[in-house]
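What follows is a short report on a single structure.
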There are 2 protein chains.
Amino acid sequence: MAIDGGQGKRATRRTRPTSFDVAELAGVSQSTVSRALAGDPVVSELTRERVKRAAEELNYSIDQNATRLRTGRTDVIAVVVICRPGELKEDMNPFYYSLLGNICSAISAAGYDALVSFQDRAENLNGFYESNRRADGLIVMGTAENVEAWAHFREVSESGASMVCWGAPYPDQNWVRSDNVGGGEMAAHMLITNGYQNSVYVGSVTSLQRQYTERFEGFSRAMREAGRTPVIVQIDPSLSRLEQGRSAVRGMIETGMKFDGIFAACDQIAIGAMQELQARGYRIPEDVGVVGFDGINAGQHVVPPLTTIEPDLPLAAELLVKRLKALMAGQANDEWLVPVRGIVRGSAARR
Amino acid sequence: MAIDGGQGKRATRRTRPTSFDVAELAGVSQSTVSRALAGDPVVSELTRERVKRAAEELNYSIDQNATRLRTGRTDVIAVVVICRPGELKEDMNPFYYSLLGNICSAISAAGYDALVSFQDRAENLNGFYESNRRADGLIVMGTAENVEAWAHFREVSESGASMVCWGAPYPDQNWVRSDNVGGGEMAAHMLITNGYQNSVYVGSVTSLQRQYTERFEGFSRAMREAGRTPVIVQIDPSLSRLEQGRSAVRGMIETGMKFDGIFAACDQIAIGAMQELQARGYRIPEDVGVVGFDGINAGQHVVPPLTTIEPDLPLAAELLVKRLKALMAGQANDEWLVPVRGIVRGSAARR
DNA sequence: CTGAAAGCGCTTACAG
DNA sequence: CTGAAAGCGCTTACAG
């Protein structure tokens, strides 16, 4: 009993060393320890070295909770991915995983920690990171289908939190998004120059997210300029994206619609469309050309590989973080447009 | 000047309300506010209601940094994804994205926040979350190639941090991993029952990660039991995974190796192998059968779709968190084996 | 260049 | 059931 020095059960995890312990060992004051380890240029190199050695010897690490309490900064950026209710783990659009990966590294590069969460239904909606001082700012992205979630984050934003979103459900917020109009135009040109006479847009135009509407706008404009009539085939947003593509094609064929080209609102819809077309004996790209949007990985593996419009993801992430930082600093920043490029693959390359 | 009440620049962001402000408005003491909002059953419902109303009126939120400093708990679990050096943003094995998604939701479900980071080279390696009191525990996963990173996290673990890993570079750690041996056996049986006479394993057996060796062990055992000779084709780990598969097949063909079945260490290698086989005119599954491991999304889209061994990812995530929580509580926990199931698709279904 | 002291905003024994 | 008080471990004016 006497062996553990009267510490009882706490014997294994001894109490952590504090800056006072380091100060004592280094023979300086606690404030000097703090300054030395924070890299304050005012302390002499000699002192700093002594402090560092002492800290190392004691295996001392700064308790960031104390730092954060004292400074009011957390150096954390929260990232929320909004999922469809109940879809938390599966079936997430892989595009968001790539965007998330890029965002996490942009956050690291900016010297922050990323606090990530996937949120779906009301029970686990919580965007008040800044109110709780768990983060200095917030990046939100995810499916437009979850209306409830977006309403919650609109509230968060209106409460004065620093928040930037990917996409655009509400016009009056801080957004970063792809050049969807430009991408839509590219898609139309790709189809036209490959000789597709009757191309249609497969996607939603009534979605909460302006992105899809914008893609159609660009497509529509380029089609009209080429003397074509822009046609839109509305999808059923309650289905999975693959199934949206399949059922759209099913509908088009069964109603006898005349078409030989498809611009899908996203790659997954495009892949679903390809599946349905091929299942019914249509050849791609000979009979029908297909263009998607996003640049997801799977697009390279389908046969034929999917032609798509791909946003510059690293830049998208960088812009999100940059814009958020400006917001946190109370500065203006209006960079929000992420350029896209057309990736030509087999699915829309006739001849 | 007098208008902003002498607050100067701070006029826009007024000082946050504290529990003292709430106490004053509710007419109770600050300690009662703390208890009431923490849900301490000792406070009367009447008082709690009064406090809640006051808190709402003042738009009060608890400053978690103060809570964390006081309690010593953060209720945060850090998750680190180790990437190949320089590969931070792209080319990540998509399997890790799915696992990460599952882990994040398991962490949420357990009532913690997830602090996620992607780490690659020495400059941004930092696993000392617990030392800095930024998290209560740590989950590590990622590529076996990054030896430097794993060495770092070994140090972290040895410093006494609560840490659980996915995979198994070092035997003496807390791991959760797939039933790789069982999966390897399944793969062998799938190939054998489909009539493939000469199946080989394409993957590394010298990797830091025991997982790949285990997959070969299972494969090897089942092959021997069926009277076959287990053959292994070592890949070049410096290449991308797709390229590993391609170059392995190239080597097999060019050296005149006799084979009609491939069990690849992971799906991406399998897909690369399929690409090379098809480019050389081999038909899958007629001439060669291919089985992968992981169950990544792209496997469903390649043609023919990839037969694979898929770990139960939601369970994997749950086990990682469960094991970590046990570790944090100083309890023993030996659940670490994640069951796998065989997904039969076209790539290994002869006839 | 360094030190003494105040204070960030909570939780939690202790006392009643 | 509630209150007064101590203290978690830092940073940062202020003084020298």
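So that the names make sense, note that chain A is the first sequence line, chain B the second, and so on, each numbered from 1.
Contact annotation: B:T32 side-chain N/O to D:dT2 OP1/OP2 distance is not under 4.0 Å.
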- [ ] Quick one: the dot-bracket string of DNA chain D, using Watson-Crick and G-U wobble pairs with both distances under 3.5 Å, [ ] for crossing pairs and | for bases paired to another strand.
- [x] |||.||||||||.|||
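Within the 4.0 angstrom heavy-atom criterion, base atoms lie near B:R35. The residue B:T67 sits close only to the backbone: its heavy atoms come under 4.0 Å of sugar-phosphate atoms, none of a base. Among the heavy atoms of the strands lying under 4.0 Å from B:V43 are primed sugar atoms or P, OP1, OP2 only; no base atom is included. Heavy atoms of A:S31 sit under 4.0 angstrom from at least one base atom.
For B:T143 against B:R84, the heavy-atom pair with the smallest separation is CG2-N, 3.5 Å. Nearest heavy-atom pair across A:L313 and A:S98 is CD2-CB, 3.6 Å.
B:S105 and B:S108 share no side-chain donor-acceptor pair at under 3.5 Å.
Closest-nucleotide positions on DNA chain D for B:T71 and B:T47 were compared, and the one nearer the 5' end corresponds to B:T47. Nearest-nucleotide assignment on DNA chain D puts the 5′-proximal partner with B:S29, out of B:S29 and A:L69.
In this entry the distance linking CZ of B:R70 with C1' of D:dG7 reads 6 Å, nearest Å. For the pair B:E45 CD and D:dC1 P, the computed distance is 9 Å after rounding to whole Å. Between the CZ atom of B:R73 and the P atom of D:dC8 there is a distance of 17 Å, rounded to whole Å. Atom C1' of nucleotide D:dC8 and atom CD of A:Q64 are separated by 15 Å, given to the nearest angstrom. Straight-line distance from the CZ atom of A:R68 to the C1' atom of D:dC10: 13 Å, rounded to whole Å. A:Q30 places its CD atom 15 Å from the P atom of C:dT2, with the value rounded to the nearest Å. Rounded to whole angstrom, the span from the CG atom of B:L37 across to the C1' atom of C:dC10 amounts to 11 Å. Rounded to an integer number of Å, the gap from A:D75 CG to D:dC10 P is 16 Å.
Other residues, nucleotides and ligands place more than 12 heavy atoms under 6.0 Å from the CD atom of B:Q331.
Separating the P atom of C:dA6 from that of C:dT2 is a span of 23 Å, rounded to the nearest Å. D:dG16 and D:dT12 have their C1' atoms separated by 16 Å, given to the nearest Å.
Between B:H152 and B:F128, the two ring planes are perpendicular [angle over 60°; tilted spans 30° to 60°].
Looking at B:L324, B:V80, B:I77, B:V79 one by one, the single match for side-chain contact (heavy atoms from CB on, under 4.5 Å) with B:L138 turns out to be B:V80. Checked against B:V81 for a side-chain contact (heavy atoms from CB on, under 4.5 Å), the options B:W166, B:Y97, B:F118 give a single hit: B:F118.
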